[in-house]
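Just so it is clear: chains get the letters A, B, ... in the order the sequence lines come, proteins before strands, and each one is counted from 1. Treat the numbers as computed from the prediction; the structure is a model and nothing was measured.
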Protein chains: 2
Amino acid sequence: MRLTTKGRYAVTAMLDLALNQGKGAVTLQDIALKQEISLSYLEQLFAKLRGNGLVKGTRGPGGGYRLAQSAEAISVAAIITAVDEKADMTRCGGEANCQDGKKCLTHELWTDLSLEIYKFLDGITLFNLVNRPEVREVAERQEIEQQSHSSGLQSIVVESDQLTGTTNRY
Amino acid sequence: MRLTTKGRYAVTAMLDLALNQGKGAVTLQDIALKQEISLSYLEQLFAKLRGNGLVKGTRGPGGGYRLAQSAEAISVAAIITAVDEKADMTRCGGEANCQDGKKCLTHELWTDLSLEIYKFLDGITLFNLVNRPEVREVAERQEIEQQSHSSGLQSIVVESDQLTGTTNRY
DNA sequence: ATTTAACCAACTATAACACTTGGTTTTTTC
DNA sequence: GAAAAAACCAAGTGTTATAGTTGGTTAAAT
């Protein structure tokens, strides 16, 4: 169980999905703007999440992503595992071959810790997170910011599109 | 609290020190051979450990490092913190300024987890580790391997020294 | 037909880690 | 007092994963 911003991005994006479950599919464009993550990077993360059966995407206008399982069934640990696919930690990476094929001095310590972290993150589901008051608070703030953002931005993009011929993907 | 092989190296080395507390100072050369860590990298790690008051070094022949505090007083968390000096995790790195100066969606989740990990590692001291049977087992194996190693290696190094004019530092 | 959005592949930049090189200084030992 | 052993120090290099970019193709709705 590795911990990196990659996993954090994935959890944040999945939480965004869970929060907007009622409103149909959510586009990555949306998430990219709200959570300030590069769109293409999100695409790469969602390819893995989809491969692991955590989300399903629908193409075309009105399309986007939605959870493939209920929010109760998706744990934070599952999300991180899906995205990180055990880029194992050089030595002590699971097997006990850290020291010439044998266990290194601190082998048990790290496996114990890994288990501890896993248990913690496996005990927290998207459903749990959605119902946390702090999360709801931040989510509402983002909702408002996004509206003022997109209403202003959309027209700018359309105009500059005609002038420069380029569309910015972020 | 970041988790990387860097911290693992540091804990392993410190544990080696704790295990050999009775026999006076331990040289980094020794640790490098036994734990298979590059000597110069160890030097860098020990510079930080020394700076954080966890070890003290004595120079010259017969010198080396020993613990600056009792094994009971040194927690694994303290070692990792000393060596990692909070290369903070891009966003959500302690302060709540992950989203335009405000908290991001999953801020609490990561701070909770960090605290959990810290508590776990802070509850384990070098003294605890030294007394674990698996650790003692591995330590004994290393003791034997080192003896056959050094008695064989020392003469080889001396001989090849005179022939090639080079000394390998590892 | 056009637009929207998922889907896909290959490339680039950056940063941290792990390690190397080549020293100096201090202390012990002969 | 010379030589050796060790800590101490600074500046580099190689590698790897992350994070992001570029430039597409396909599927579905208006």
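Counting to the nearest Å, the C1' atom of dA6(C) and the CZ atom of Arg66(A) are 13 Å from each other. For the pair Leu45(B) CG and dT20(C) P, the computed distance is 13 Å after rounding to whole Å. dA6(C) atom P lies 8 Å from atom CD of Gln29(A), rounded to whole Å. Rounded to an integer number of Å, the gap from NZ of Lys48(B) to P of dC9(D) is 14 Å. If you measure from atom CG of Leu42(B) to atom P of dT20(C), you get 11 Å, rounded to the nearest angstrom. Atom-to-atom, OH of Tyr41(A) to P of dT14(C) comes out at 16 Å; the value is rounded to the nearest Å. Here dC8(D) presents its C1' atom at 11 Å from CG of Leu39(B), a figure rounded to the nearest Å. Across the protein-nucleic acid pair, Leu28(B) atom CG and dC19(C) atom C1' stand 15 Å apart, rounded to whole Å.
Of the options Leu28(A), Asp30(A), Asp16(A), Thr58(A), a side chain to side chain contact (heavy atoms under 4.5 Å, CB included) to Tyr65(A) is made by Leu28(A) and by none of the others. Among Asp122(A), Asn128(A), Ile124(A), Ile80(A), the single residue meeting the side chain to side chain contact (heavy atoms under 4.5 Å, CB included) criterion with Ser75(A) is Asp122(A).
For dC8(D), the OP1/OP2 oxygens have a side-chain nitrogen or oxygen of Tyr65(B) closer than 4.0 Å. Neither OP1 nor OP2 of dT18(D) sits under 4.0 Å from any side-chain N or O of Tyr9(A).
Comparing Gly62(B) and Gly62(A) along DNA chain C, the residue whose closest nucleotide (by nearest heavy atom) sits nearer the 5' end is Gly62(A).
For Lys6(B), the side-chain atoms get nearest to dC17(C) when compared with the rest of dA7(D), dT18(D), dC17(C). In the set dT18(D), dA6(C), dA7(D), the nucleotide with an atom closest to the side chain of Glu43(B) is dA7(D). The side chain of Thr4(B) lies closest to dC17(C), out of dC17(C), dT18(D), dT21(C). When distances run from any side-chain atom of Arg50(B) to the nucleotides dC8(C), dC8(D), dT18(D), the shortest one goes to dC8(D).
Against DNA chain C, the stretch residues 53-61 of chain B makes heavy-atom approaches under 4.0 Å through Arg59(B), Gly60(B), Pro61(B).
Between the side chain of Arg136(B) and the main chain of Val130(B), a donor-acceptor pair closer than 3.5 Å is present.
With sequence neighbours left out, Thr27(A) forms a side chain to side chain donor-acceptor pair (under 3.5 Å) with no residue at all. Taking the side chain to side chain contact (heavy atoms under 4.5 Å, CB included) definition, one finds that Gln69(A) meets it with Leu54(A), Ala73(A), Ile74(A), sequence neighbours left out.
With a 4.5 Å cut-off on side-chain heavy atoms, Gln142(A) and Lys102(B) do not count as touching.
On a pure distance criterion of 3.5 Å, a polar donor-acceptor pair joins the side chain of Gln44(B) and the base of dT20(C).
Comment: Glu108(B) engages Lys103(B) in a salt bridge, judged by a side-chain N to carboxylate O separation of less than 4.0 angstrom.
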